Each structure stands twice: as C-alpha cells, then as structure tokens.
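Worksheet: one structure, shown below.
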Amino acid sequence: MEKPLTVLRVSLHHPTPGLAAFANVPQRLQHDTSPLLVGRGPDAHLRLELPHLSRRHLSLEPYLEKGSALLTFSLKALSRKSCVWVNGLTLRFLEQVTLSTVNRVTFSGIQMVVHIEGGTSLEAFVCCFHLSPSPLIDRPQAEETDEWEGVPQERPPPASGQQAPGHLGFLHGPSQPSPGRATETQLQREPPDSALHQPRWPPRASLG
Amino acid sequence: MSGFEDADTEETVTCLQMTVYHPGYQRSGIFQSIRFFNREKLSSSEVVKFGRNSNTCHYTFQDKQVSRVQFSLQLFKKFGSSVLSFEIKNMSKKANLIVDNKELGYLNKMDLPYKCMVRFGDYQFLIEKEDGESLEFFEIQFTLSTQPLLQENNWLPEPIPECGGYSSSSTQNNSPVEMGENEW
C-alpha cells in the first residue's frame with residue numbers, strides 16, 4: 001500500500017491586481033526529498049513573477065529528525081538582497097529555521113501561510129496551493145516587534161550562543177532537537193485568530 | 001600606483017578540507033572523477049551531493065556499492081552568527097552515515113563539527129573546516145589518503161560534554177594517519 005505524502009497547504013497572497021505574481025503557480029506540485037526552491041529564476045521549482053524577488057529566494061527542505069517517522073521542514077533564506085520573515089523571525093541570507101505545523105512567512109510583499117499535514121512517505125511531498133485575493137497575515141512585519149516588545153532590536157553577538165532566546169522557541173539549529181511538530185509552546189505563540197486569516201481549502205484531493 | 005595596490009581586499013573563503021580513504025582506491029578507480037589537491041569554488045547556496053549518479057552528484061564515486069546520492073553537504077548560517085556552518089544529510093536508504101560517533105539514517109541531518117570523521121561502508125572522510133569571510137562562495141579540496149584514516153576502535157571521541165559538542169581540538173589525540181603529498 002502506498003504511503004500517504006506529506007502535504008504542505010500553501011496559501012499565497014500578493015497585492016498585485018489579479019494575483020499576476022502567481023501566474024505560474026500550479027494547484028498541486030509534487031517534489032522529491034531535495035530542497036524545493038522558490039524564486040524568480042528558471043531553476044526555481046515554484047516560480048513567482050515578481051521583479052524584486054531573487055532568482056533563488058528561499059528553499060523548503062524536507063528532512064527527518066532522529067526517531068521521527070514524519071518529515072520535518074526547514075526554510076532557508078537564499079536572497080542576498082532581502083530578508084524573509086518566518087513566524088516573527090527575520091531570516092537573512094543563508095539563515096534557516098525549522099517550520100512548525102502552521103507557519104506565517106512574508107517576503108518581497110508576498111504573504112504565505114504554510115500548513116503542514118504529515119504523511120509517512122519519505123519519497124516525496126506535495127504542495128497544494130491556494131491563491132488568496134485578500135491578505136493572509138495582519139501586520140506581517142510587525143510580528144517581530146510583538147515578540148520583542150521592550151527588548152532592544154539588536155541581534156545577539158556572533159557565537160554568543162547558538163540557541164535563540166527562549167521566547168524565540170521557533171528557532172532551532174539544524175541538528176537541535178525539535179520541540180515536536182506543534183508543541184504547547186509553539187501554539188502559545190500562534191497569533192490570535194484575528195491575525196491569521198485561515199484560507200478556505202477546497203475538498204482535499206486524493207494524493208499519492 | 002599599480003593595479004595590485006588598487007585592487008579590492010580579497011575575501012577569504014570558507015574551505016572544507018576532505019581527506020578520503022577507501023581500501024580499493026588503487027585498483028577500481030573509484031575516485032577517478034575527483035580532482036585531488038584542487039580547491040573547487042562553489043556557490044554558497046548550492047547543495048553539494050556525493051554519490052554514484054553523475055547527473056545529480058557534484059562528486060561521484062565509481063562504485064556500485066555507493067547509492068546514487070549518498071549524502072549531501074550545504075552551507076547555512078546560524079541565526080545571529082556571522083560564521084558559516086555546514087550541515088550533512090544522509091541521502092541513502094541503504095546505508096547509515098556515521099559522523100564521529102553519531103549515526104544518521106535516511107534524511108537525518110546534523111551540523112558538521114569543525115573536524116570530524118564521516119564514514120559509510122568502507123569509505124572514510126576526514127573533514128576539516130577552515131573559516132572564511134565570503135558569503136558568496138565556499139571551497140572544497142580533496143586529499144587522497146593511502147592509509148586508513150581510522151583503525152577499528154581507533155577513533156574514540158571524547159564523551160560529549162553536557163554543554164555541547166566537541167571542541168575543535170578534541171580529536172587531536174586521535175589524529176588519523178595521513179599520507180603527505182609527497183609520500184604517494
């Protein structure tokens with residue numbers, strides 16, 4: 001029996017008229033276990049038509065944490081010019097973060113909400129895209145200040161510690177143990193319902 | 001004023017020194033597609049694959065025992081740090097990858113220590129990282145060892161300290177035997 005694929009339900013929003021930035025976005029994209037590249041370039045697996053986007057802007061990499069049967073994903077910023085905001089964290093070039101079950105991502109004016117539904121197949125994963133004409137995230141770039149209220153905006157000095165401060169529990173080094181796919185701590189940091197517009201998904205397609 | 005004096009200061013580049021050993025290195029030509037003692041420059045966003053498939057792998061081993069993609073290496077930056085780090089990921093369903101004393105199964109990955117021994121099957125790799133400033137590129141240089149880098153029970157890492165991994169010098173006492181460039 002075929003094992004079910006992990007599904008990334010990806011909602012996308014950009015304020016361009018008619019969602020022109022997403023002209024090349026398919027409804028469904030199956031990908032092997034190599035990193036999925038998002039960007040403007042010809043080698044991007046998910047091509048978005050925005051002039052300010054880097055050719056390789058970010059990647060989504062599946063991997064297995066030790067002892068886990070389900071894929072975990074890390075998001076890595078690949079743009080030298082601009083940042084990627086992930087769950088309130090600002091990622092600069094080559095920085096990466098482990099994703100949790102629900103993730104809010106913004107880059108180059110694009111709002112992206114990624115909801116991960118675990119499957120046991122280790123051969124591939126599938127992205128199901130939903131294009132949203134309305135914004136998905138309220139105050140997308142103010143999330144950072146929400147998290148850092150009253151804390152200076154400076155980053156920790158290099159080598160001062162690999163673990164992010166406790167309140168940034170989303171962040172894990174690649175080999176650090178994950179707190180799980182949706183721990184209590186993470187859920188506490190989810191934005192209030194009003195901040196995250198959950199997309200309405202079409203009925204789940206049969207996968208695999 | 002000469003062009004040399006006007007030129008921009010050259011950035012140093014992070015380099016992985018990879019010393020490889022396989023007992024059949026002489027007869028079977030398994031390393032024939034690898035250019036030893038050549039510092040190859042790679043883009044920092046590249047995922048470098050090692051394995052048997054020359055279409056997908058940057059570095060190939062001519063050996064049917066090796067998986068089409070055996071493992072991959074990629075650069076990343078720890079959050080808030082300016083230092084580039086590498087992570088290694090096992091891409092083989094058949095064989096575990098052993099990094100020092102840690103075993104990585106299929107799709108498991110971990111940060112590469114500054115100096116470590118990576119093994120699968122009869123392959124041994126001593127990997128040493130040299131830090132550099134460039135964020136654009138990194139380099140890989142291969143050296144061939146004609147003697148085993150690791151004898152059975154000869155690579156016994158120190159117990160893991162509670163506060164973290166090994167120090168970069170923790171392997172000094174167990175230094176593998178390497179052949180110098182002039183010895184082979």
Side-chain angles (χ1 to χ4, degrees), chain A residues 32-35 37 39 41 43 54-59 61-80 86 89-98 121-123 125 154-165 168 170-177, chain B residues 14 43-49 51 53 55-58 67-69 71-93 96-97 99-100 102-114 116 131 133-138 160 163-165 168:
Chain A
D32 59 20
T33 50
S34 65
L37 293 171
D43 65 340
S54 293
R55 278 167 288 191
R56 292 175 170 199
H57 205 93
L58 61 90
S59 70
E61 185 198 11
Y63 67 99
L64 268 181
E65 288 185 342
K66 238 176 165 20
S68 173
L70 301 176
L71 292 176
T72 302
F73 288 80
S74 59
L75 188 154
K76 187 176 185 180
L78 295 177
S79 171
R80 290 170 177 85
V86 184
L89 293 173
T90 306
L91 299 188
R92 291 175 175 83
F93 183 49
L94 294 179
E95 290 181 334
Q96 61 182 9
V97 67
T98 302
S121 172
L122 302 181
E123 304 293 328
F125 65 97
E154 284 174 19
R155 313 183 107 208
S160 66
Q162 295 164 7
Q163 185 82 39
L168 295 180
F170 284 119
L171 182 68
H172 312 288
S175 66
Q176 288 163 348
Chain B
T14 300
S43 164
S44 56
S45 59
E46 191 167 337
V47 178
V48 187
K49 292 176 183 166
N53 187 334
N55 293 323
T56 52
C57 294
H58 199 96
S67 295
R68 276 167 286 200
V69 182
F71 67 92
S72 67
L73 285 172
Q74 63 174 314
L75 266 186
F76 73 100
K77 236 169 62 180
K78 288 198 173 112
F79 197 73
S81 166
S82 59
V83 178
L84 293 174
S85 304
F86 285 90
E87 62 182 11
I88 188 166
K89 184 175 178 182
N90 185 13
M91 301 297 289
S92 169
K93 289 176 187 161
N96 282 351
L97 193 67
V99 182
D100 286 345
K102 293 188 181 123
E103 222 167 304
L104 301 183
Y106 179 53
L107 295 184
N108 288 161
K109 64 176 184 176
M110 66 176 278
D111 296 7
L112 216 53
Y114 264 88
C116 65
D131 284 333
E133 299 148 352
S134 173
L135 291 182
E136 306 291 313
F137 303 103
F138 68 100
I160 302 170
C163 56
S168 59

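Each chain gets a letter, A, B and so on, in the order its sequence line appears, and its residues count up from 1. Note that the structure is predicted; figures quoted are calculated from it, not measured.
Only the side chain of B:L84 comes within contact range of chain A, with at least one heavy atom under 4.5 Å from a heavy atom of that chain. Only the side chain of A:S74 comes within contact range of chain B, with at least one heavy atom under 4.5 Å from a heavy atom of that chain. Contact annotation for A:K76: only side-chain heavy atoms (C-beta onward) come within less than 4.5 Å of a heavy atom of chain B. Of the two parts of A:L122, the backbone and the side chain both hold a non-hydrogen atom closer than 4.5 Å to a non-hydrogen atom of chain B. For a residue to count as touching a neighbouring chain, one of its non-hydrogen atoms must lie under 4.5 Å from one of that chain's; by this rule B:T56 does not touch chain A.
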- Task: I would like to know whether B:D131 and B:Y114 meet side chain to side chain contact (heavy atoms under 4.5 Å, CB included); could you show each step before the answer?
- Result: CA-CA 9 Å; B:D131 284 333; B:Y114 264 88; 2.4 Å; yes

- Can you list the steps and then say if B:F79 with A:L91 is a side chain to side chain contact (heavy atoms under 4.5 Å, CB included)? CA-CA 8 Å; B:F79 197 73; A:L91 299 188; 3.7 Å; yes

- Message: Apply salt bridge (charged side-chain N to carboxylate O under 4.0 Å, His left out) to residues A:E123 and B:K93 and explain how you reach the verdict.
- Response: CA-CA 10 Å; A:E123 304 293 328; B:K93 289 176 187 161; 2.7 Å; yes

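Ion pairing between a basic and an acidic side chain is recognised when a charged N comes within 4.0 Å of a carboxylate O; A:E95 and B:K78 show no such pairing.
A side-chain contact (heavy atoms from CB on, under 4.5 Å) with B:F71 is found for one member of B:I88, B:V48, B:L104 and no other, namely B:I88.
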